[in-house]
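These notes concern the structure reproduced below.
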Amino acid sequence: MSEQPFVLVTGGAGFIGSHTVDRLMERGCRVAVIDNFSTGKRENLARWTGHKDLVVLGVDIADGIFAPLAAVETQWGAPQRIIHLAAQTSVVHSIENPLNDVRNNYTGTVQVLEYARRKAVSKVVFASSAAVYGDVTEFPVREEAKCTPLSPYGIDKLGSEYWLAYHSQVHGIDTAPLRFFNVYGPRQDPASPYSGVISIFSDRAHAGLGLHIFGDGEQTRDFVFVGDVSRAIELACFAAGGDGSAANIGTGMETSVNELAKLVNEFCGGQSTITHGDSREGEILKSVAATTRANERFGFEAQTTLRDGLKVTVESLQ
Ligand code: UD1
């Protein structure tokens, strides 16, 4: 078997997934992408079209991944590592369609882990979310905080973490759930009203349209650039060990939505009016990650300032 690492990336054509595939390809890995293209796009991987080390399969993980991967396995063997990012990503959608969320975000994870177990995969990295915490009272939010998820999305992410931990303890697979905070950057889709605020603000400010803030705008978030997140995924993927306990992926910096709107507007020429309206139902007022665990475990520290990340994000819209 070749020395070249073979990594399976579920959701590899999506926002975070495609940036992760870029890194793995640059590193010289063989990569198989599984994506159902519900939100992922082939054009996100256009840079690697025709590359001998990339295979892209249009598959829904919840239907199982054994059969679709069989042909790749005859060439490359089974993957040594899996990065599991495929998911239904909207919290609001999960509240309206809980069964769909269970199918994608819970059953889908178990399908991937069942493949990992039977194929003796050595490591599984998983995209969890700060949504597992719910409303917490101590900041920065540490991984030990009590998790009280307030949506099917958060419940299914937390449940998936337990499945990872079980596979570590009982089946000896190294697993690493990463709890992403508010990820932003190029390729994030601004189209839905539930898209990330930075993608919405950048898209609108770029078009000279107004920015609408829910509530007084003093609510804060920990905005982490996708280039940092994909680096965290890569570091976690190739680090030794992983017992299924989660690590936060954030910057440790807190930014209010008011500050954010001002910054985005500034980068886009300052033409947008900023308005305030009713608060979002169930709005979390404060969110910021404790970042030491990811640093201790696999040497991750976010490097991109919000200004630099916003600049790249806005430039990608040109
Ligand atoms: C984010 C995640 C969600 C995760 C949750 C957990 C995204 C898209 N959502 O939700 O998956 O479960 O963190 O902590 O990353 N806002 C406006 N105007 C807009 C859009 C948003 O003022 O047009 C405000 C929101 O009210 C909120 C902030 O911007 O205060 C961030 O919103 P959003 O990007 O949707 O993320 P979260 O609500 O933090």
Side-chain angles (χ1 to χ4, degrees), residues 11 14-16 39 85 87-96 101 104-105 127-137 139-141 143 145 147-161 177-185 187-207 209-226 229 246 248-251 253-265 272-290 306 309-310 313:
F15 163 48
I16 299 174
T39 54
L85 309 174
Q88 185 296 111
T89 57
S90 162
V91 172
V92 177
H93 177 90
S94 83
I95 292 167
E96 287 160 2
D101 201 81
N104 282 284
N105 294 358
S128 187
S129 166
V132 302
Y133 292 118
D135 230 345
V136 292
T137 48
F139 300 95
V141 184
E143 291 85 351
C147 290
T148 47
L150 299 173
S151 63
Y153 177 84
I155 293 170
D156 293 334
K157 288 291 184 186
L158 186 59
S160 292
E161 288 188 11
L178 306 179
R179 292 178 179 164
F180 300 152
F181 278 63
N182 287 65
V183 187
Y184 72 96
R187 302 181 200 160
Q188 190 170 31
D189 187 358
S192 134
Y194 309 114
S195 301
V197 65
I198 292 185
S199 67
I200 295 175
F201 280 4
S202 305
D203 192 56
R204 291 186 63 85
H206 184 247
L209 300 169
L211 309 183
H212 185 73
I213 295 176
F214 299 127
D216 67 5
E218 286 306 300
Q219 66 269 33
T220 63
R221 294 293 185 271
D222 185 333
F223 295 106
V224 57
F225 186 62
V226 68
V229 172
N248 289 338
I249 302 299
T251 65
M253 306 285 286
E254 212 177 338
T255 306
S256 73
V257 176
N258 285 332
E259 287 172 78
L260 176 73
K262 261 207 266 177
L263 263 179
V264 173
N265 202 12
S272 298
T273 53
I274 298 175
T275 54
H276 288 79
D278 292 344
S279 288
R280 255 190 194 168
E281 207 181 324
E283 178 80 272
I284 289 171
L285 293 181
K286 189 175 164 77
S287 174
V288 60
L306 184 58
L310 282 179
T313 306

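Both counts, for ligands and for their atoms, begin at 1 and track the order of listing.
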At under 4.0 Å between heavy atoms, which part of Val257 makes contact with ligand 1: side chain, backbone, both or neither?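 Side chain only.
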
So which bit of Arg221 gets within less than 4.0 Å of ligand 1, heavy atoms only: side chain, backbone, both or neither?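 Near ligand 1, Arg221 shows its side chain, while the N, CA, C and O stay back.
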
So for [X], does at least one of its heavy atoms come nearer than 4.0 angstrom to any atom of ligand 1?
{"X": "Phe201", "result": "yes"}
{"X": "Asn182", "result": "yes"}
{"X": "Ser195", "result": "yes"}

Side-chain donor or acceptor of [X] paired with backbone N/O of [Y] under 3.5 Å:
{"X": "Ser151", "Y": "Ser94", "answer": "no"}
{"X": "Gln219", "Y": "Phe214", "answer": "yes"}
{"X": "Asn258", "Y": "Asp216", "answer": "yes"}
{"X": "Asn248", "Y": "Ala290", "answer": "yes"}
{"X": "Asn105", "Y": "Gln88", "answer": "yes"}

Taking the side chain as every heavy atom from C-beta outward, state whether Ile95 and Pro152 have any pair of such atoms under 4.5 Å apart.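 When only atoms from C-beta onward are counted, Pro152 and Ile95 do touch, with a gap below 4.5 Å.
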
Checking Arg221 against Thr255 for the side-chain contact (heavy atoms from CB on, under 4.5 Å) test, could you report, in this order, the C-alpha distance in whole Å, the side-chain angles of both residues, the deciding distance, and whether it holds? CA-CA 6 Å; Arg221 294 293 185 271; Thr255 306; over 6 Å; no

Heavy-atom contacts with [X] under 4.0 Å: which atoms of ligand 1 show up? List them by number with element.
{"X": "Gly196", "value": "8 (C), 34 (O)"}
{"X": "Ser129", "value": "4 (C), 12 (O)"}
{"X": "Gln219", "value": "26 (O), 30 (O)"}
{"X": "Ile213", "value": "22 (O)"}
{"X": "Arg280", "value": "20 (C), 21 (C), 25 (C), 26 (O), 32 (O), 33 (P), 35 (O), 38 (O)"}

What is the nearest protein non-hydrogen atom to [atom], stated with its residue, atom name and distance?
{"atom": "atom 17 (C) of ligand 1", "result": "Phe214 CD1, 3.3 Å"}
{"atom": "atom 14 (O) of ligand 1", "result": "Ala130 CB, 3.8 Å"}
{"atom": "atom 34 (O) of ligand 1", "result": "Val197 N, 2.7 Å"}
{"atom": "atom 5 (C) of ligand 1", "result": "Ala131 CB, 4.5 Å"}
{"atom": "atom 26 (O) of ligand 1", "result": "Glu283 OE2, 2.6 Å"}
{"atom": "atom 11 (O) of ligand 1", "result": "Val91 CG2, 3.5 Å"}

What distance do Ile274 atom CD1 and Ile213 atom CD1 have between them, rounded to the nearest 0.5 Å?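 One finds 5.5 Å between CD1 of Ile274 and CD1 of Ile213.
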
Value rounded to 0.5 Å, distance of OG in Ser128 from CD1 in Ile249: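 Rounded to the nearest 0.5 Å, the OG-CD1 separation comes out at 10.5 Å.
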
Can you tell me if Ser195 and Asp189 form a side-chain donor-acceptor pair at under 3.5 Å?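 Per modelled atom types, Ser195 and Asp189 side chains form no pair under 3.5 Å.
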
Please check whether His212 reaches ligand 1 - meaning an N/O of the residue sits under 3.5 Å from an N/O of the ligand, judged on distance alone.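 Yes: some nitrogen or oxygen of His212 is under 3.5 Å from one in ligand 1.
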
Under 4.0 angstrom from atom 9 (N) of ligand 1, is there any protein heavy atom?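 It does not; no protein heavy atom is within 4.0 Å.
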
Parallel, tilted or perpendicular, as decided by the 30° and 60° cut-offs, for the rings of Phe181 and Tyr133: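 Because their plane-to-plane angle lies in the 30° to 60° range, the rings of Tyr133 and Phe181 count as tilted.
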
